[in-house]
Amino acid sequence: MNKRYIRLIAVILSLTMILCFVSGCGKTDINPRATITMADGAEIVVMLYPDKAPNTVANFISLANSGFYDGLTFHRVVEDFIIQGGDPNGDGTGGPGYTIEGEFLNNGYKKNDLKHTRGVISMARFGSEDNYDSAGSQFFIMLEDKDYLDGDYAAFGKVFSGMDVIEEISKVKVKTDTETPKEPVVIESIRVDTYDKNYGEPKTIKN
C-alpha cells in the first residue's frame, strides 16, 4: 500500500479517536440531556445530574418521556428571576398526582451541592416553605444567580444550550397579579436522551 494512503488512514483514525473522546461516543455513563421544544420550534437543551439528585432526575425523565409535559406552558415568568413550567393546570396549582422527596440539604439530603445559578433547573414546591417533600412535576429555570434558594429546592441540572430562548421567554408580558404570560408560552414537548441507561422508576409519595 502506498505510504501516502497509510499516513492518510492513520490521520483519519486519529481524528476519529479524538472526536469520540470529545463527544463521548460509545459511552453510556454521560449525563442525560433533556430537549425542551417550544411551540415555535425553538429548543432548550438541559444537562441533568443524576449523581446530585437521582430520584428527582428519574422523576423528570419518567414524566418527560411519557409525554406528560407535551402541550403544557411556562405559566410563571418573573424577569431577572425564573421561568416556571410543568403544571397541567397552567396556574401553579397542578401536578402529576403524587409528590417526591426533596433532595436538598435542608431536607437532610447532603449529596446535592448544585447552586441556583443562572441556567440551573430546579423543582418547584407546594404549600408552606418547610413542605419539603411537595415537588411533583413543576420546575423552574434560573435567569440569575439566587443563592438564597440553595439548600431549599432540588436543583437537578443546567442549561446546556438555548439560554437565548429562555431570555426571550423572560421578556413576555405577564399579568401582574399572577405573573402568568398574557399569551401562553407553550411547550411542545420535553424528551430526555438517556444514552441507553435506565434510570429506573422514581420513588413517589402518594397524596
Side-chain angles (χ1 to χ4, degrees), residues 19 22-25 30-50 52-53 56-96 114-125 135-146 149 153-197 199:
L19 286 172
V22 172
S23 64
C25 69
I30 55 179
N31 289 40
R33 292 184 185 180
T35 300
I36 303 173
T37 303
M38 304 303 297
D40 63 2
E43 289 188 346
I44 303 161
V45 179
V46 181
M47 183 176 290
L48 307 180
Y49 298 120
K52 303 293 185 181
T56 304
V57 168
N59 179 62
F60 188 79
I61 291 173
S62 177
L63 291 171
N65 288 351
S66 71
F68 179 90
Y69 292 119
D70 297 3
L72 302 189
T73 62
F74 281 108
H75 64 272
R76 184 184 179 211
V77 175
V78 186
E79 193 171 6
D80 299 325
F81 183 36
I82 61 167
I83 64 171
Q84 184 170 327
D87 176 12
N89 294 343
D91 58 7
T93 64
L114 288 177
K115 307 297 183 183
H116 286 78
T117 56
R118 174 179 164 84
V120 161
I121 185 171
S122 188
M123 293 300 290
R125 297 191 282 106
S137 60
Q138 293 188 45
F139 61 89
F140 57 89
I141 300 175
M142 303 300 301
L143 293 165
E144 301 291 344
D145 299 359
K146 302 294 180 183
L149 299 178
Y153 295 85
F156 64 99
K158 190 167 186 177
V159 172
F160 179 79
S161 66
M163 201 63 205
D164 56 328
V165 178
I166 294 170
E167 289 291 348
E168 286 301 312
I169 294 172
S170 75
K171 296 174 184 176
V172 301
K173 294 181 179 180
V174 300
K175 301 173 184 178
T176 55
D177 56 338
T178 61
E179 301 171 326
T180 303
K182 292 182 177 180
E183 296 293 330
V185 180
V186 179
I187 299 168
E188 181 177 290
S189 66
I190 302 179
R191 293 293 183 273
V192 181
D193 188 337
T194 60
Y195 301 99
D196 299 323
K197 187 172 183 179
Y199 289 92

Is there a side-chain contact between N65 and V192 (heavy atoms, below 4.5 Å)? yes
Is there a donor-acceptor pair under 3.5 Å between the side chain of D193 and the backbone N or O of P32? no
Mind listing the closest non-hydrogen atom pair of G71 and V186 along with its distance? O-CG1, 4.0 Å
Tell me the closest heavy-atom pair linking Y49 and G157, and the distance in Å. CD1-CA, 3.5 Å
Which atoms form the tightest heavy-atom contact between G94 and P88, and what is the distance? C-CD, 3.9 Å
Test side-chain contact (heavy atoms from CB on, under 4.5 Å) on I44 and I166 and set out the steps. CA-CA 8 Å; I44 303 161; I166 294 170; 3.7 Å; yes
Donor-acceptor contact present, side-chain N59 to main-chain S137, <3.5 Å: no
Do F139 and I190 have side-chain heavy atoms sitting under 4.5 Å apart? yes
More than 12 non-hydrogen atoms from neighbouring residues, nucleotides or ligands closer than 6.0 Å to CZ on F160, yes or no? no
I need the I82 CD1 to I121 CD1 distance, nearest 0.5 Å. 11.5 Å
Without placing hydrogens or testing angles, list every side-chain donor-acceptor pair under 3.5 Å for residues 169-181, not counting sequence neighbours.
| from | atom 1 | to | atom 2 | distance (Å) |
| --- | --- | --- | --- | --- |
| S170 | OG | E167 | O | 2.6 |
| T178 | OG1 | T180 | N | 3.3 |
| T178 | OG1 | T180 | OG1 | 3.0 |
| E179 | OE1 | R76 | NE | 2.8 |
| E179 | OE1 | R76 | NH2 | 3.3 |
| T180 | OG1 | H75 | O | 3.3 |

Between D91 and T93 (side chain of the first, backbone of the second, donor and acceptor by atom type, cut-off under 3.5 Å), is there such a pair? yes
Look at the rings of F60 and Y69 and say which category their plane angle falls in: under 30° parallel, 30 to 60° tilted, over 60° perpendicular. tilted
Test your reading of the model: is there a side-chain donor-acceptor pair from S62 to the backbone of A58, 3.5 Å cut-off? no
Short side-chain to backbone donor-acceptor contact, R118 and L143, under 3.5 Å: yes
Approximate separation, where rounding is to 0.5 Å, of I141 CD1 and I83 CD1: 4.5 Å
Shortest non-hydrogen contact from P50 toward N31: CD-ND2, 4.5 Å
salt_bridge(K146, D80) N-O dist < 4.0 Å: no
With a 4.5 Å cut-off on side-chain heavy atoms, are M142 and L149 touching? yes
Taking the side chain as every heavy atom from C-beta outward, state whether M38 and I187 have any atom pair closer than 4.5 Å. yes
Rounded to the nearest 0.5 Å, how far apart are CD of E188 and OG1 of T35? 12.0 Å
Are side-chain heavy atoms of D70 and R191 found at a separation under 4.5 Å? yes
Distance check, rounded to the nearest 0.5 Å: K158 atom NZ versus K52 atom NZ? 12.5 Å
Work out which heavy atom in L63 is nearest to a heavy atom in P96; give both atom names and the distance. CD2-CB, 4.1 Å
Polar side-chain atom of T56 near backbone of A154 as donor-acceptor pair, under 3.5 Å: no
Are side-chain heavy atoms of Y153 and H116 found at a separation under 4.5 Å? yes
Contact check, side chains of Q84 and Q138, non-hydrogen atoms, under 4.5 Å: yes
State, yes or no, whether a side-chain contact exists between F81 and F140 at a heavy-atom distance under 4.5 Å. no
Nearest non-hydrogen partners of G85 and F74, listed with the distance: N-CD2, 3.7 Å
